[in-house]
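Each remark here refers to the structure printed beneath this line.
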Amino acid sequence: MSHRQRVVILAAGMGTRLGMPKPKPLTPLADGRSIMRQQLDNLAAAFGPDGFDLTVVVGFEAAQVMAAAADARFVYNERFQSTNTAKSLLKALSKPGDGGVLWLNGDVVFDERLLHEVLPAIERDESFVCVNTAAVGEEEVKYTASPDGCIAELSKSVVGGLGEAVGINHIASSDLGALVEHLGSCSDTDYFERGIESAIEGVGIRVQALDISAYFVVEVDFAGDLERANLEVGKTVTSAA
């Protein structure tokens, strides 16, 4: 990769459903790392320690999150209490930069091999949403696809979903302007997936559904999710001991 990959981590939310006293990205895992530190380590393994240009969107307890990712640049969502991920992502994508953008929800715990799996699509500068076809949870963002395998619908209200979006996504440089425009049209309470869906509907951007079901990944929304993450992380700790 000839340029530093642009990466955004969305870490502005309050994470009230998990019921932890600190920002969700700073939740400790079984191996002693926080969720965010695991993400940063996985990014470094995929792109090299100096191979990515990181922006973190902060809001709730911003100073704590900033201290945990000292080498990043930060964008502050001052309306973090009343807006959702569409507006946080909009703030990050509105900053100038080169190439496509990979972004992660700040609460995703995942196998570092997942990023190696999607690297070819990133290097081809293609837009994609990582999906898990092994599960279709009622509370999760679900998707349907057109015959060519690209996303057709993408929301929590999708009926007959083919799988779940896992919170790891890439927008191609050629689609970035359209996504920014459609995120701008989202309501304050919309998730960023609505911006993607709207850009697909409105201007026909092509967003692949990239199946990463072979790799462990979980968005930590509830205590049960954290237990699953720690069971998986614990296996790595045990095998390394």
Side-chain angles (χ1 to χ4, degrees), residues 8-43 56-69 77 79-89 103-115 129-143 154-158 161 163-169 188-194 212-241:
V8 171
I9 295 177
L10 302 177
M14 298 175 69
T16 52
R17 292 181 294 180
L18 187 59
M20 298 290 277
K22 59 179 65 183
K24 199 159 48 165
L26 303 186
T27 301
L29 298 171
D31 63 0
R33 295 182 295 176
S34 66
I35 293 175
M36 175 173 280
R37 175 43 56 188
Q38 199 235 21
Q39 293 184 337
L40 296 176
D41 289 348
N42 289 355
L43 288 163
V56 180
V57 185
V58 296
F60 176 63
E61 297 289 353
Q64 287 188 49
V65 179
M66 292 169 72
N77 180 358
R79 299 174 61 225
F80 67 88
Q81 289 180 294
S82 59
T83 59
N84 215 321
T85 56
K87 297 309 180 186
S88 283
L89 183 60
W103 77 92
L104 320 175
N105 284 338
D107 58 358
V108 183
V109 178
F110 59 97
D111 187 327
E112 74 169 44
R113 295 173 296 175
L114 186 157
L115 290 182
V129 170
C130 287
V131 298
N132 178 5
T133 58
V136 190
E138 188 173 336
E139 279 294 307
E140 305 304 320
V141 173
K142 298 169 284 292
Y143 78 99
L154 186 68
S155 74
K156 289 191 174 186
S157 60
V158 162
E164 302 173 355
V166 304
I168 301 173
N169 317 270
D188 282 354
T189 56
D190 278 334
Y191 294 93
F192 64 71
E193 285 90 354
R194 177 55 197 151
I212 49 72
S213 307
Y215 303 98
F216 178 82
V217 57
V218 61
E219 282 198 80
V220 179
D221 289 321
F222 301 102
D225 301 325
L226 183 58
E227 288 175 16
R228 282 179 57 208
N230 279 326
L231 278 173
E232 186 67 22
V233 169
K235 291 178 191 175
T236 308
V237 174
T238 303
S239 64

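Bear in mind the structure is a predicted one, so any value in this text is a computation, not a measurement.
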Q) What are the two closest non-hydrogen atoms of D221 and D225, and how far apart are they? A) N-OD2, 2.9 Å
Q | Expected output: side-chain N84 to main-chain T189 donor-acceptor under 3.5 Å | A | yes
**Q.** Pairwise side-chain contact, K156 with Y191, heavy-atom cut-off 4.5 Å (strictly under)
**A.** yes
Q: Please lay out, stage by stage, how V57 and V8 fare under the test side chain to side chain contact (heavy atoms under 4.5 Å, CB included).
A: CA-CA 7 Å; V57 185; V8 171; 4.1 Å; yes
Q | Minimum heavy-atom distance between N169 and G167, given as atom pair plus value | A | ND2-C, 3.5 Å
Q. Below 4.5 Å, heavy atoms only, C-beta onward: do V218 and F110 meet side chain to side chain?
A. no
**Q.** For the student: nearest non-hydrogen atoms of A134 and S213, plus distance
**A.** N-OG, 3.9 Å
Q.
When you compare the side chain of M36 with that of V56, does any pair of heavy atoms fall below 4.5 Å?
A. yes
Q) Can you check whether V217 reaches L114 side chain to side chain, under 4.5 Å on heavy atoms? A) yes
(Q) Is it the case that the side chain of K142 and the backbone of E140 share a donor-acceptor pair, with hydrogens and angles ignored and the cut-off at 3.5 Å? (A) yes
Q: Show the numbers, then the answer: is there a side chain to side chain contact (heavy atoms under 4.5 Å, CB included) between V131 and I212?
A: CA-CA 6 Å; V131 298; I212 49 72; over 6 Å; no
**Q.** Which atom of P28 lies closest to which atom of L226, heavy atoms considered
**A.** O-CD1, 4.4 Å
Q.
Side chains of L10 and L89, heavy atoms from C-beta outward: is any pair under 4.5 Å?
A. yes
Q: Keeping the roles fixed (side chain from T85, backbone from S88), state whether a donor-acceptor pair exists under 3.5 Å.
A: no
Q. Is the shortest heavy-atom distance from the side chain of V166 to the side chain of V141 under 4.5 Å?
A. no
Q.
Between V109 and E219, does the side chain to side chain contact (heavy atoms under 4.5 Å, CB included) criterion hold? Intermediate values first, please.
A. CA-CA 6 Å; V109 178; E219 282 198 80; over 6 Å; no
Q: On the 0 to 90° scale, with breaks at 30° and 60°, tag the W103-F192 ring pair as parallel, tilted or perpendicular.
A: perpendicular
Q.
Under 4.0 Å between a side-chain nitrogen and a carboxylate oxygen: does that hold for D190 and K87?
A. no
Q.
Between D41 and Q38 (side chain of the first, backbone of the second, donor and acceptor by atom type, cut-off under 3.5 Å), is there such a pair?
A. no
Q: Answer with yes or no whether the side chains of T83 and D188 bring together a donor and an acceptor at under 3.5 Å.
A: no
Q | Which atom of A12 lies closest to which atom of F80, heavy atoms considered | A | O-CB, 3.5 Å
(Q) Main chain of K22, side chain of E61: is a donor-acceptor contact present, judged purely on distance under 3.5 Å? (A) no
Q: Please round to the nearest 0.5 Å and tell me the distance separating atom CZ of R113 and atom CG of D111.
A: 4.0 Å
Q. Within the distance-only criterion (no hydrogens, no angle test), does the side chain of N105 pair as donor or acceptor with the backbone N or O of D107 below 3.5 angstrom?
A. no
Q. Do the non-hydrogen side-chain atoms of R37 and L29 ever get within less than 4.5 Å of each other?
A. no
Q. Got a second to check how far F216's CZ is from K235's NZ, nearest 0.5 Å?
A. 8.0 Å
(Q) Between V58 and M66, is there a side-chain heavy-atom distance shorter than 4.5 Å? (A) yes
Q) Roughly how far apart are I35 CD1 and L104 CG, rounded to 0.5 Å? A) 12.0 Å
Q) At their closest point, which heavy atom of V129 faces which heavy atom of A165, and how far apart are they? A) CG1-CB, 3.8 Å
Q. In Å, rounded to the nearest 0.5 Å, how long is the span from CZ of R194 to OG of S157?
A. 9.0 Å
Q. Can you tell me how far CG of L26 sits from CZ of R33, rounded to the nearest 0.5 angstrom?
A. 14.5 Å
